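Here's the structure we're looking at; comments come further down.
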Amino acid sequence: MRLCFTFFLIVGCFVSQTNGGVYLTFTRPADPGPSARMQAAMEARRQINLAMADFNRAYTVALLNHPMEWELKSARLDLAKARARYADAQMSVKQELSKQPEHRRVSIQILTLEEKLRSEKQLDQRADIALQLLDLRSRRSAIESDAFAADSTLSATLTAMQQAMSQLTQVEKMYQWQLTKDDSLLAAKSKLDAARAQLASAGS
């Protein structure tokens with residue numbers, strides 16, 4: 001028997017027609033895969049991850065080998081000691097103040113009014129108590145300020161603490177400046193900047 005074939009091309013399939021019927025053969029479209037821009041962006045992100053890891057390693061090494069590491073630790077320790085001495089001096093002055101009749105009287109009044117304020121429900125009464133507390137606290141602060149200013153030990157420890165804070169600030173600035181001169185860290189940062197620029201140029 002002689003067969004006649006007629007072919008029709010339809011999107012996604014191939015049609016063949018014979019005397020016996022029509023047969024459809026489906027074809028899967030080729031996977032185009034990621035675009036060139038997408039591939040470039042993926043590669044840029046990979047390079048950023050690698051560069052970031054290198055930068056973190058370089059930064060850790062730079063900190064461990066920093067020439068001012070001991071000086072920074074010493075400045076921080078000096079400040080901690082100066083703060084502790086100042087706190088001790090403050091406590092000593094406050095202990096002496098607690099023995100003075102005027103300071104004790106005002107402190108007791110403050111405690112009494114604070115307790116009364118917690119239990120008071122009327123808004124107008126609470127407002128009146130709050131104003132009294134404000135006045136008493138101001139008076140107590142004035143007494144303490146005068147005592148602090150008159151205490152030579154407290155003044156000396158305050159000056160020492162301020163000097164320690166200033167010294168630490170200077171050391172920290174020099175410490176950070178030294179990091180900007182580390183060759184390995186600079187190279188790692190340059191590599192990271194280049195990877196980020198590559199990602200930006202990829203449009204993602």
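Worth saying up front: this structure is predicted, and the values here are computed from it rather than measured.
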Quick test of your reading of the model: are E71 and R76 salt-bridged, counting only N-O distances below 4.0 Å?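 Looking at E71 and R76, the cut-off is not met.
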
So, applying side chain to side chain contact (heavy atoms under 4.5 Å, CB included) with E114, which one of L117, T112, I110 is it?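 Of all the options given, the one that passes is I110.
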
Approximate separation, where rounding is to 0.5 Å, of [X] [atom1] and [Y] [atom2]:
| X | Y | atom1 | atom2 | answer |
| --- | --- | --- | --- | --- |
| L113 | I108 | CG | CD1 | 12.0 Å |
| M161 | L154 | CE | CG | 9.0 Å |
| Q90 | L158 | CD | CG | 8.5 Å |
| R140 | R137 | CZ | CZ | 7.5 Å |
| K94 | S107 | NZ | OG | 10.5 Å |

I'd like to check [X] versus [Y] (side-chain heavy atoms, cut-off strictly below 4.5 Å). Are they in contact?
| X | Y | answer |
| --- | --- | --- |
| L199 | R196 | no |
| M68 | M174 | yes |
| S190 | L186 | no |

CE (M165) with more than 12 external heavy atoms under 6.0 Å: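 It does not: M165 CE has 12 such atoms or fewer within range.
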
A quick test of your reading: do over 12 heavy atoms of other residues, nucleotides or ligands sit less than 6.0 Å from CZ of R126?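 Yes, CZ of R126 has more than 12 neighbouring heavy atoms, counting only those of other groups under 6.0 Å.
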
Could you tell me whether the side chain of E120 and the main chain of Q122 form a donor-acceptor pair under 3.5 Å?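 Such a contact is found between E120 side chain and Q122 backbone.
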
For the pair S92 (side chain) and D88 (backbone), establish whether a donor and an acceptor sit closer than 3.5 Å, ignoring hydrogens and angles.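 No.
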
Give a yes or no on whether V93 and M91 share a hydrophobic cluster (residues Ile, Leu, Val, Met, Phe, Trp, Tyr; joining criterion: side-chain heavy atoms under 4.5 Å apart).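 Not linked; separate clusters.
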
Within one Ile-Leu-Val-Met-Phe-Trp-Tyr cluster: L185 and W177, side-chain cutoff 4.5 Å: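 Yes, one cluster joins them.
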
Within residues 146-169 or reaching into it, pairs that qualify as side chain to side chain donor-acceptor pair (under 3.5 Å) - sequence neighbours excluded: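 Non-adjacent pairs meeting side chain to side chain donor-acceptor pair (under 3.5 Å): zero.
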
Looking at every non-hydrogen atom in both residues, tell me the closest pair between A164 and A82 and how far apart they are.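 Shortest heavy-atom separation between A164 and A82 comes out as CB-CB, 4.1 Å.
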
Does anything in residues 167-189 pair up under salt bridge (Lys or Arg N to Asp or Glu O under 4.0 Å), and if so which pairs, sequence neighbours excluded?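 Sorted pair list: K189-D193.
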
Going by ring-ring contact (aromatic ring centres under 6.0 Å, His included), name the pairs with one or both residues in residues 73-105, residues two or more places apart or in two chains.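 Residue pairs with at least one partner in residues 73-105: there are none.
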
Partners passing side-chain contact (heavy atoms from CB on, under 4.5 Å) against R139 (at least two apart in sequence or in another chain):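 E102, R105, V106, D135, L136.
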
Passes side chain to side chain contact (heavy atoms under 4.5 Å, CB included), L179 versus L63? Steps please. CA-CA 8 Å; L179 284 178; L63 293 181; 4.2 Å; yes

Would you please name every residue forming a ring pair (Phe, Tyr, Trp, His ring centres under 6.0 Å) with Y175, sequence neighbours left out?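 Ring pair (Phe, Tyr, Trp, His ring centres under 6.0 Å) check on Y175 returns H66.
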
Scan the side chains in residues 47-55 for donor-acceptor partners under 3.5 Å anywhere in the protein, sequence neighbours excluded, and list what turns up.
from, atom 1, to, atom 2, distance (Å)
Q47, NE2, E43, OE2, 2.8
N49, ND2, R45, O, 3.4
D54, OD1, R57, NH2, 2.2
D54, OD2, K191, NZ, 2.7

